[in-house]
Amino acid sequence: MVDNADVVHTLGRIADLLEIRGENSFKVRAYRMAAARVESLTEPIAGVAARDGGLRRLDGFGPAIAEKVTELLNIGHLQYLADLEAEIPAALLAVCELPGVGPRTAATLWREAGIASLDELEAAAAAGSLEGIPRLGTRSIERIVAALEARRRNGARERRPRGRVVPLAVALTPALRSLPDVERAHAAGSFRRKRETVKDLDVLVSTREPRAVLQWFSTLPSVERVLVRGSTKCSVEADSGFQVDCRAVAPEAYGSAMQYFTGSRAHNIRMRGRALRMGMLLNEYGLFLIEGNRRIAGDTERGVYEALGLRWIPPEEREHGGDIELTGASVRRTRRPQEAEAV
DNA sequence: TTAGTATT
DNA sequence: CATAATACTAAA
């Protein structure tokens with residue numbers, strides 16, 4: 001019996017393999033969107049398929065994906081996926097999991113050097129045979145070797161229970177606040193959204209001296225490896241390979257930066273799309289009227305939501321894109337006229 | 001400058 | 001035709 005989770009897994013796997021194959025990114029995205037749609041179903045997909053209209057009634061299901069999922073439901077097997085798996089080694093997906101290595105690099109390693117797994121990559125690196133691969137310079141090879149070493153030490157990265165990350169967060173944010181140039185510091189991301197597990201810890205700081213703050217952050221004793229360090233953000237591995245991202249912004253952008261850095265990604269896409277439809281641009285630096293490029297919000301997170309006609313949405317409710325419609329009752333509809341100036 | 005990878 | 005916007009790094 002094929003259940004919803006099987007369909008989600010199958011569609012996601014197709015997307016990953018198509019990506020390594022270098023397929024049109026809209027096609028890849030289509031499979032991911034269809035997978036997300038099935039994941040959000042509250043009933044067995046077989047039931048949807050059986051009813052009038054069938055799978056095509058689901059958002060994100062066009063003729064091609066509907067046909068494939070029908071085949072999977074009916075005979076418990078999808079030839080299209082089998083063909084892809086015959087073409088592309090499954091172990092390449094693990095290569096893509098290395099930080100800094102994505103589908104294009106994995107495809108290059110495979111096609112140019114026949115590397116199809118982490119073990120083969122490690123052997124090739126040790127033998128020095130990565131040199132000479134097109135678009136793979138010395139620095140890239142160094143990064144790959146470092147990533148392989150980190151993985152051997154810590155194993156594959158896994159999400160951690162939120163409770164296991166709390167001590168890190170409660171130690172890090174006050175430490176950042178105690179720096180001379182830092183005004184504010186808070187954990188954001190899925191930690192702030194109170195997800196049960198988190199993939200990494202995101203910390204936002206406001207400062208006029210981002211470089212100094214990020215320099216301090218990247219040289220903390222518990223930092224095992226610096227992944228990237230630029231002028232506005234720094235990502236490190238600490239605490240057995242757990243990733244911690246620090247983003248620094250000017251104090252007047254703290255609200256919009258918190259909005260951005262809290263996510264979720266789907267929530268941000270909806271918020272930014274809504275801004276566009278209202279003739280505005282939303283990014284981590286503020287909310288801007290496109291006409292005249294005038295900044296109208298961003299100092300506070302609440303100000304961003306209200307300028308977009310929404311009430312402030314608690315982080316826990318920002319998990320899915322639909323939250324804006326479900327919970328973000330329009331301020332215009334709910335507030336009384338005399339409160340209008342508060343926006 | 002651009003491609004690739006990354007972040008929410 | 002297709003959901004947003006931006007940052008960092010290495011290679012060319």
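All heavy atoms count here, side chains included; hydrogens, waters and symmetry mates do not.
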Item to check | salt bridge (Lys or Arg N to Asp or Glu O under 4.0 Å) pairs, two or more places apart, involving residues 38-53 of chain A | outcome: A/Glu43-A/Arg51
Item to check | Sidechain N-carboxylate O distance under 4.0 Å for A/Glu284, A/Lys233 | outcome: no
Item to check | Rounded distance in Å - CG (A/Leu287) to P (C/dA4) | outcome: 16 Å
Checklist entry - Hey, which of A/Arg192, A/Arg270, A/Arg195, A/Arg265 is the one that makes salt bridge (Lys or Arg N to Asp or Glu O under 4.0 Å) with A/Glu319? => result A/Arg195
Checklist entry - With a 4.0 Å cut-off on heavy atoms, is A/Lys199 in touch with a base, just the backbone sugar-phosphate, or nothing at all? => result sugar-phosphate
Checklist entry - Expressed in angstrom and rounded to an integer, what is the separation of A/His186 atom NE2 from B/dT8 atom P? => result 19 Å
Checklist entry - Would one find more than 12 heavy atoms of other residues, nucleotides or ligands at under 6.0 Å from atom NE2 of A/His9? => result no
Next on the checklist: Strictly below 4.0 Å: does A/Gln243 bring a side-chain N or O up to OP1 or OP2 of B/dT7?
Outcome noted: yes
Checklist entry - With sugar-phosphate meaning primed atoms plus P, OP1 and OP2, does A/Arg32 contact a base, only sugar-phosphate, or nothing at under 4.0 Å between heavy atoms? => result nothing
Next on the checklist: Check this one for me: any side-chain N or O of A/Ser235 less than 4.0 Å away from OP1 or OP2 of B/dT7?
Outcome noted: no
Checklist entry - Which side chain to side chain donor-acceptor pair (under 3.5 Å) pairs, counting each pair once, include a residue from residues 166-188 of chain A, with sequence neighbours left out? => result A/His186-A/Tyr254
Checklist entry - Can you check the A/Ile290 CD1 to C/dA4 C1' distance for me, whole Å? => result 12 Å
Item to check | Per-nucleotide protein contact string for nucleotides 5-12 of chain C, where B marks a base within reach and S marks sugar-phosphate only (heavy atoms under 4.0 Å, - for neither) | outcome: BSSSSSSS
Next on the checklist: By the 4.0 Å heavy-atom rule, please label A/Ser190 as base, sugar-phosphate, or nothing.
Outcome noted: nothing
Next on the checklist: Expressed as a whole number of angstroms, how long is the span from A/Glu237:CD to B/dA6:C1'?
Outcome noted: 14 Å
Item to check | Pair A/Glu317 + A/Arg193: basic N to acidic O under 4.0 Å | outcome: no
Item to check | CA sep, side-chain torsions, deciding dist, call: A/Arg151, A/Glu122, salt bridge (charged side-chain N to carboxylate O under 4.0 Å, His left out) | outcome: CA-CA 11 Å; A/Arg151 192 192 157 100; A/Glu122 208 153 35; over 6 Å; no
Item to check | Integer-rounded Å distance: B/dT7 P and A/Arg192 CZ | outcome: 20 Å
Checklist entry - How many Å lie between CZ on A/Arg29 and P on C/dA4, as a whole number? => result 8 Å
Next on the checklist: Over all strands shown, is A/Glu19 touching base, sugar-phosphate only, or nothing at heavy-atom distances under 4.0 angstrom?
Outcome noted: nothing
Checklist entry - What's the CZ-P distance between A/Arg104 and B/dA6, to the nearest Å? => result 13 Å
